[in-house]
Trainee: 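The structure under discussion is supplied below as structure tokens; questions concerning it will follow.
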Amino acid sequence: NAGVTQTPKFRVLKTGQSMTLLCAQDMNHEYMYWYRQDPGMGLRLIHYSVGEGTTAKGEVPDGYNVSRLKKQNFLLGLESAAPSQTSVYFCASSYSLRGTGDTEAFFGQGTRLTVV
Amino acid sequence: AQSVTQLGSHVSVSEGALVLLRCNYSSSVPPYLFWYVQYPNQGLQLLLKYTSAATLVKGINGFEAEFKKSETSFHLTKPSAHMSDAAEYFCAVSGAGGYQKVTFGTGTKLQVIP
């Protein structure tokens with residue numbers, strides 16, 4: 001059981017380049033998220049998805065796009081990278097049990113992105 | 001709207017001493033509360049969660065937290081710190097049931113001094 005897998009783990013981009021980060025989960029979770037982590041700022045939600053084919057904006061969506069064409073995958077795209085997007089990116093997925101409302105998020109290992 | 005405030009971005013304790021990491025929350029609905037731990041260069045791992053059952057929640061590695069509604073707090077404690085507890089700890093809040101966005105605090109780095 002791999003859990004949540006992020007690809008790639010490290011990347012260096014030049015300003016203006018584009019790239020896509022891939023997140024895959026094998027737990028059949030409905031909900032998936034992309035966060036960025038910056039020193040002293042905790043985790044900030046970029047975009048999230050409550051199911052296949054759906055996406056929504058989080059706290060800091062500008063400069064990013066996402067797609068959830070398959071339930072197990074959640075892609076984060078940077079169309080034109082900027083130095084301000086240098087960060088560690090985490091993908092997460094979660095379940096929510098009907099009836100009890102119990103929930104828990106599982107995180108990937110992170111992608112360290114540097115934009116020069 | 002929901003939020004959490006973690007008091008102290010850095011906490012240092014001696015090995016064997018009590019660990020106390022503070023978290024206060026704000027929520028307009030009954031909250032679910034979580035503590036996650038992040039070891040260097042790794043993702044976040046769930047330590048424990050409160051989902052409206054017992055107010056004293058026990059987690060992994062000897063950690064526990066108590067939900068206090070009157071104080072809107074969910075502080076994380078461990079009776080005796082171990083060197084391996086050195087990490088960053090995040091408190092988080094979400095609403096109960098269905099999809100509810102999880103909001104994280106800014107994190108507290110725990111240093112354990114030999």
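Keep in mind that what you see is a predicted model, and the values were worked out from it rather than measured. The chains referred to below are lettered A, B, ... by the order of the sequence lines, with proteins before strands, and numbering in each begins at 1. Every heavy atom of this structure was used, including side-chain atoms; hydrogens, water molecules and symmetry mates were not.
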Trainee: On a heavy-atom basis, which atom in A/M41 and which in B/T106 lie closest, and how many Å separate them?
Mentor: C-CG2, 4.1 Å
Trainee: Within this structure, what is the CZ-CD distance for the pair A/F107 and B/Q38, rounded to the nearest 0.5 Å?
Mentor: 9.0 Å
Trainee: Linking I/L/V/M/F/W/Y whenever their side-chain heavy atoms sit closer than 4.5 Å, directly or via other members, would A/Y35 and B/Y36 fall into one cluster?
Mentor: yes
Trainee: Would you kindly confirm whether B/V37 and B/F34 end up in one hydrophobic cluster when ILVMFWY residues are joined by side chain heavy atoms under 4.5 Å apart?
Mentor: no
Trainee: I need the B/T103 OG1 to A/L45 CG distance, nearest 0.5 Å.
Mentor: 8.0 Å
Trainee: When you measure from the side chain of A/Y33 to the backbone of B/V102, do you find a donor-acceptor pair of N or O atoms at a distance under 3.5 Å?
Mentor: no
Trainee: Taking all atoms of both residues into account, what is the closest heavy-atom pair of A/Y95 and B/K49, and its distance?
Mentor: OH-NZ, 3.3 Å
Trainee: B/S12: what forms a side-chain contact (heavy atoms from CB on, under 4.5 Å) with it, not counting sequence neighbours?
Mentor: B/Q111, B/I113
Trainee: At what distance, to the nearest 0.5 angstrom, does CZ of B/F104 lie from CD of A/E59?
Mentor: 10.5 Å
Trainee: Kindly work out whether a path of hydrophobic side-chain contacts (I/L/V/M/F/W/Y, heavy atoms less than 4.5 Å apart) joins B/V13 to B/Y39.
Mentor: yes
Trainee: Does one hydrophobic cluster hold both B/V57 and B/Y25, with members joined at side-chain heavy-atom distances below 4.5 Å?
Mentor: yes
Trainee: Check the surroundings of atom NZ in A/K71: do more than 12 heavy atoms from other residues, nucleotides or ligands lie under 6.0 Å from it?
Mentor: yes
Trainee: Using non-hydrogen atoms and a limit below 4.5 Å, what part of residues 69-91 of chain B faces chain A?
Mentor: B/E88, B/F90
Trainee: Check step by step if side chain to side chain contact (heavy atoms under 4.5 Å, CB included) holds for B/N41 and A/R112.
Mentor: CA-CA 9 Å; B/N41 300 313; A/R112 190 171 296 273; 3.3 Å; yes
Trainee: Check each atom of B/L44 against the heavy atoms of chain A and say whether the ones under 4.5 Å are side chain, backbone, both or neither.
Mentor: both
Trainee: Restricting to side-chain contact (heavy atoms from CB on, under 4.5 Å), what partner residues turn up for A/T54, sequence neighbours left out?
Mentor: A/S49, A/V50
Trainee: Assess whether atom CD of A/Q17 is packed by more than 12 heavy atoms of other residues, nucleotides or ligands within 6.0 Å.
Mentor: yes
Trainee: Hydrophobic cluster membership, with links at side-chain heavy-atom distances under 4.5 Å among I/L/V/M/F/W/Y: are A/V4 and A/Y89 in one?
Mentor: no
Trainee: Please classify the contact between A/Q37 and chain B as side chain, backbone, both or neither, with a heavy-atom cut-off of under 4.5 Å.
Mentor: side chain
Trainee: Sequence neighbours left out, what pairs pass salt bridge (charged side-chain N to carboxylate O under 4.0 Å, His left out) with at least one residue falling in residues 34-58 of chain A?
Mentor: A/R36-A/D38, A/D38-A/R44
